[in-house]
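The structure appears below as structure tokens.
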Amino acid sequence: MTKDARFDSYAKLIEDYKLRACWSYPVMSPTHKNVIGTFAVYFTKPRKPCLRELDLIQRSRDLVALVIDQHNDRIQRERSEQHNRSLFSYNPEAVFTLDRDGNFMSLNRAGSDLIGYEELEVLGQHYELVIPEFDRARTKNHFEVALSGKPQRYEIKIYDRSGKLHDLDVTNMPIVINGEITGVHGIAKDVTSARRNESQLALLERSVESSTNGLIICEANKSNFPIIYVNPAFKEITGFLDDEEIIGRNCRFLQGPDTDPATVQKIRDGLSTRSEVRVTILNYRKDGTPFWNDLIISPVRDSGEKVTHFIGLQSDITERVEREEQLKFLAKHDVLTRLPNRNALEERLAECLEEASADDEGLIAVLFIDLDGFKPINDSLGHAVGDRILDETAQRLLGQMGSNDLLARFGGDEFVAVVCTTHDRDAVSELAGSLLDQFHQPYRFNELEVSLSATIGIADNSTLFTNPLELIQRADVAMYEAKRRGGSSYHWYSADLDAGMQHQIELRTQLQEAIQAEQFELFYQPIVDVNGQPRAVEALVRWRHPEKGYISPGEFIPLAEATGQIIAIADWVFRQACSDAETLLGTGLETISINFSPLQFYRDDFIENVNDILTEFAIQPGQLTIEITENVFMRDSNNMIALLHKLRELGLGISIDDFGTGFASLSYLNQLPVDGLKIDQSFIHNVDSTRRNSAITRGVLAIASELDIRTVAEGVETEAERAYVLEHGCDLMQGYLFCHPQPLAEVLDWIKKQQAQS
């Protein structure tokens with residue numbers, strides 16, 4: 001050993017142990033036939049082994065080889081078992097084994113966490129422990145097929161320990177030992193969240209596809225922001241039905257000649273700054289027709305807050321825009337003639353006067369034009385013919401006006417012209433003559449021929465006035481003077497015209513100021529039963545002028561009816577009465593009566609406004625009674641009856657006021673949703689001693705009784721009148737005999753006193 005170069009590295013060991021000879025053999029693996037080590041014997045003397053020693057060494061070497069090989073196999077088996085155990089124990093999915101009867105033989109930690117049971121709790125128990133009834137048959141079928149040797153993959157639902165349902169993706173494999181299937185191995189993945197996400201995604205997709213709003217998605221980081229998706233609603237709105245016409249293009253292909261450049265720039269700015277944009281834009285369909293879009297463009301960001309796409313949501317608001325434009329037009333134009341209406345007239349007149357104020361010689365003339373004898377023609381030939389006459393009249397008069405002058409329909413058969421293009425009063429008179437000449441030619445409709453004339457009143461700004469409307473009022477006064485002189489002519493306003501007419505004009509102005517300043521008060525007059533106990537009250541409006549004190553309703557109500565101002569007054573009365581209703585009804589009253597003007601019924605939003613106020617003050621059915629006069633049926637009675645039915649549906653009682661003094665028709669009582677009749681005080685006055693009054697009163701009471709309609713006698717002022725109406729079956733009474741109309745606080749005191757005396 002000291003001379004063999006192969007032992008040079010071990011010189012120190014050789015010297016320390018005095019080694020001189022080495023007999024060494026390779027150790028070979030019996031299984032794999034590879035060298036796995038060496039077997040060596042060392043001696044302190046140089047020598048060679050004998051045959052017996054060689055045999056002993058070889059057999060020892062073979063024994064060592066066998067031991068090492070078995071040791072390595074054991075280590076490999078242990079590593080394999082640990083590997084398999086790790087795959088089972090640390091698998092993030094639920095892993096389990098079942099015997100041939102379906103009982104659990106093992107369950108890993110992930111499986112325990114999934115179902116909420118520890119492994120020891122389920123060992124020996126059947127898998128149906130966690131399977132809901134509706135999935136058991138299907139699960140059994142897959143289990144049996146796996147036992148037959150065919151792997152299975154399927155989805156089922158299971159209950160965990162708390163009863164919560166989970167969606168599982170299950171794989172079953174047969175367990176084969178020595179060629180025999182001894183059970184089933186299973187791996188289950190919880191896909192509950194995935195299925196829920198898929199369901200939500202599918203719902204979202206269906207929602208987008210079925211949305212009535214157009215939806216569009218564009219790339220945010222490519223030039224020109226190309227479209228990558230549109231939903232069916234977008235195609236329907238735009239008329240571009242083929243994806244090839246849309247995908248990859250920029251949205252500007254929808255824009256056209258009248259698309260607002262400022263709106264387009266706003267969209268570009270939003271895309272550039274990656275911010276949300278909301279605009280209303282005019283776009284064009286494939287066939288070239290324009291449509292209005294309410295468009296919202298929003299950026300879509302990824303998890304890193306980087307904008308990746310833009311999503312646009314568009315709704316076709318063409319009808320709404322057109323309706324708004326129409327409403328805007330109608331706000332300042334007459335529906336029938338398309339001429340400017342009273343609002344536009346007042347604005348234009350104010351503008352002209354302001355411009356003229358800078359010019360000492362600026363002349364502004366107002367011509368008030370009224371058709372002579374139009375109402376009889378309208379009543380006899382019908383409103384359709386009347387409307388055509390008004391429309392043609394508007395066109396005839398308009399043809400005589402200067403380009404900067406204004407012709408407006410003031411109302412009914414009245415027109416007003418504002419002339420601001422001349423400084424010559426003679427030229428204004430000449431224009432008035434030209435306007436009157438337009439009526440020399442008859443109106444012809446098929447075989448019908450109608451002749452009309454007109455009267456014109458003129459006023460200008462040459463004399464002092466306080467506000468622009470005063471010029472219209474003066475022209476109106478001048479027109480009445482022209483009518484008084486025979487009509488079919490024109491007349492200039494002068495200060496010495498009829499003082500009474502001037503008073504009416506002034507009162508009309510003051511009444512308008514009263515409406516704006518709400519100078520009105522509500523008085524209430526009790527309605528009593530046969531025992532004199534209050535059952536209801538009637539709301540009566542009073543005008544308290546800041547300088548003149550209370551103005552008689554008999555003076556301003558007819559004027560308000562004639563001017564249309566009654567609508568604003570009646571609206572105020574209705575709202576105020578509804579506001580007082582809770583206090584009044586709290587005394588035990590059954591209902592509150594409120595008067596409606598016939599003019600209110602001709603407004604398109606009449607029913608809607610009534611309903612809004614009833615809702616605002618929480619008025620309950622039966623608490624209010626609407627009093628109307630018979631004059632409401634003078635025009636379009638069928639429509640009026642329909643409106644009354646709608647009021648009845650809103651919970652309002654209906655009573656005919658001043659019955660017998662207007663357009664009385666007993667046939668209407670059979671059609672109307674009437675709860676009560678108020679016999680006019682003109683019939684109640686001296687009813688006990690006046691034959692005609694007593695006859696009419698008895699007749700009305702008899703008819704009302706037969707029709708089961710409640711009656712109220714108005715204007716009862718004497719005990720004799722009271723006794724007479726009670727004797728003949730009148731239900732309720734109202735008049736000075738019981739109580740005058742009083743403010744709210746005073747009538748509440750009166751009601752309290754009456755109730756205390758009962």
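Residues take their numbers from the sequence shown, with the count starting at 1.
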Would a distance-only check, ignoring hydrogens and angles, find a side-chain to backbone donor-acceptor pair under 3.5 Å from [X] to [Y]?
{"X": "Gln70", "Y": "Val67", "answer": "no"}
{"X": "Tyr284", "Y": "Thr238", "answer": "no"}
{"X": "Gln125", "Y": "Glu121", "answer": "yes"}
{"X": "Arg61", "Y": "Pro26", "answer": "yes"}

Are any of the side-chain nitrogens in [X] or [Y] under 4.0 Å away from the carboxylate oxygens of its partner?
{"X": "Glu324", "Y": "Arg320", "answer": "yes"}
{"X": "Glu118", "Y": "Arg161", "answer": "no"}
{"X": "Lys266", "Y": "Asp260", "answer": "no"}
{"X": "Arg285", "Y": "Asp287", "answer": "no"}
{"X": "Glu616", "Y": "Arg575", "answer": "yes"}
{"X": "Glu53", "Y": "Lys48", "answer": "no"}

Are [X] and [Y] linked by a side-chain donor-acceptor pair shorter than 3.5 Å?
{"X": "Asp302", "Y": "Thr308", "answer": "no"}
{"X": "Asp269", "Y": "Gln265", "answer": "yes"}
{"X": "Ser298", "Y": "Glu276", "answer": "yes"}
{"X": "Thr97", "Y": "Ser106", "answer": "yes"}
{"X": "His645", "Y": "Arg648", "answer": "no"}
{"X": "Asp580", "Y": "Gln576", "answer": "yes"}
{"X": "His142", "Y": "Asn172", "answer": "no"}

Could you walk me through whether Asp334 and Arg338 satisfy the salt bridge (Lys or Arg N to Asp or Glu O under 4.0 Å) test, starting with their C-alpha distance in whole Å, then the side-chain angles of each, then the deciding distance to 0.1 Å, before giving a yes or no? CA-CA 5 Å; Asp334 174 55; Arg338 316 300 286 180; over 6 Å; no

Are more than 12 heavy atoms, taken from residues, nucleotides or ligands other than [X], located less than 6.0 Å from that residue's [atom1] atom?
{"X": "Leu327", "atom1": "CG", "result": "yes"}
{"X": "Arg153", "atom1": "CZ", "result": "no"}
{"X": "Glu582", "atom1": "CD", "result": "no"}
{"X": "Lys235", "atom1": "NZ", "result": "yes"}
{"X": "Phe7", "atom1": "CZ", "result": "yes"}
{"X": "Glu236", "atom1": "CD", "result": "no"}
{"X": "Arg278", "atom1": "CZ", "result": "no"}

Do you know which of Asp169, Asp190, Asp167, Asp135 makes salt bridge (Lys or Arg N to Asp or Glu O under 4.0 Å) with Lys157? Asp167

Just do the ring-ring contact (aromatic ring centres under 6.0 Å, His included) check on Phe240 and Phe234 with the steps written out, would you? CA-CA 8 Å; Phe240 291 90; Phe234 175 90; 7.8 Å; no

Between CD1 of Ile613 and OG1 of Thr615, what distance do you get to the nearest 0.5 Å? 10.0 Å

Could you go through Phe329 and Val335, starting from their C-alpha distance and side-chain angles, then the distance that decides it, and tell me whether this counts as side chain to side chain contact (heavy atoms under 4.5 Å, CB included)? CA-CA 9 Å; Phe329 177 85; Val335 176; over 6 Å; no

Take Arg109 and Glu119, measure what side chain to side chain contact (heavy atoms under 4.5 Å, CB included) needs, and give me the verdict at the end. CA-CA 8 Å; Arg109 169 51 55 188; Glu119 181 181 22; over 6 Å; no

Kindly indicate, with the supporting measurements, whether the criterion salt bridge (Lys or Arg N to Asp or Glu O under 4.0 Å) is fulfilled by Arg348 and Glu351. CA-CA 5 Å; Arg348 178 57 179 157; Glu351 291 173 1; 3.5 Å; yes

Aromatic centroids of Tyr127 and Phe96 separated by under 6.0 Å: no

If you take the centroid of each ring, where Trp contributes its six-membered ring, are Phe43 and Trp23 closer together than 6.0 Å? yes

Within 45 degrees of the ring normal and closer than 6.0 Å to the centroid, is that where the cationic atom of Arg603 sits relative to Phe606? no

Holding to salt bridge (charged side-chain N to carboxylate O under 4.0 Å, His left out), I want the full list of residues that pass it with Lys12, two or more places apart in sequence or in another chain. Asp16

Apply side-chain hydrogen bond (donor to acceptor under 3.5 Å, both in side chains) to Glu93 and list each qualifying residue two or more places apart in sequence or on a separate chain. none

Please walk me through it: do Lys332 and Glu347 pass side chain to side chain contact (heavy atoms under 4.5 Å, CB included)? CA-CA 10 Å; Lys332 294 189 176 182; Glu347 288 182 10; 2.7 Å; yes

Assess whether side chain to side chain contact (heavy atoms under 4.5 Å, CB included) is satisfied between Asn341 and His333, documenting all intermediate values. CA-CA 5 Å; Asn341 61 11; His333 290 80; 5.6 Å; no

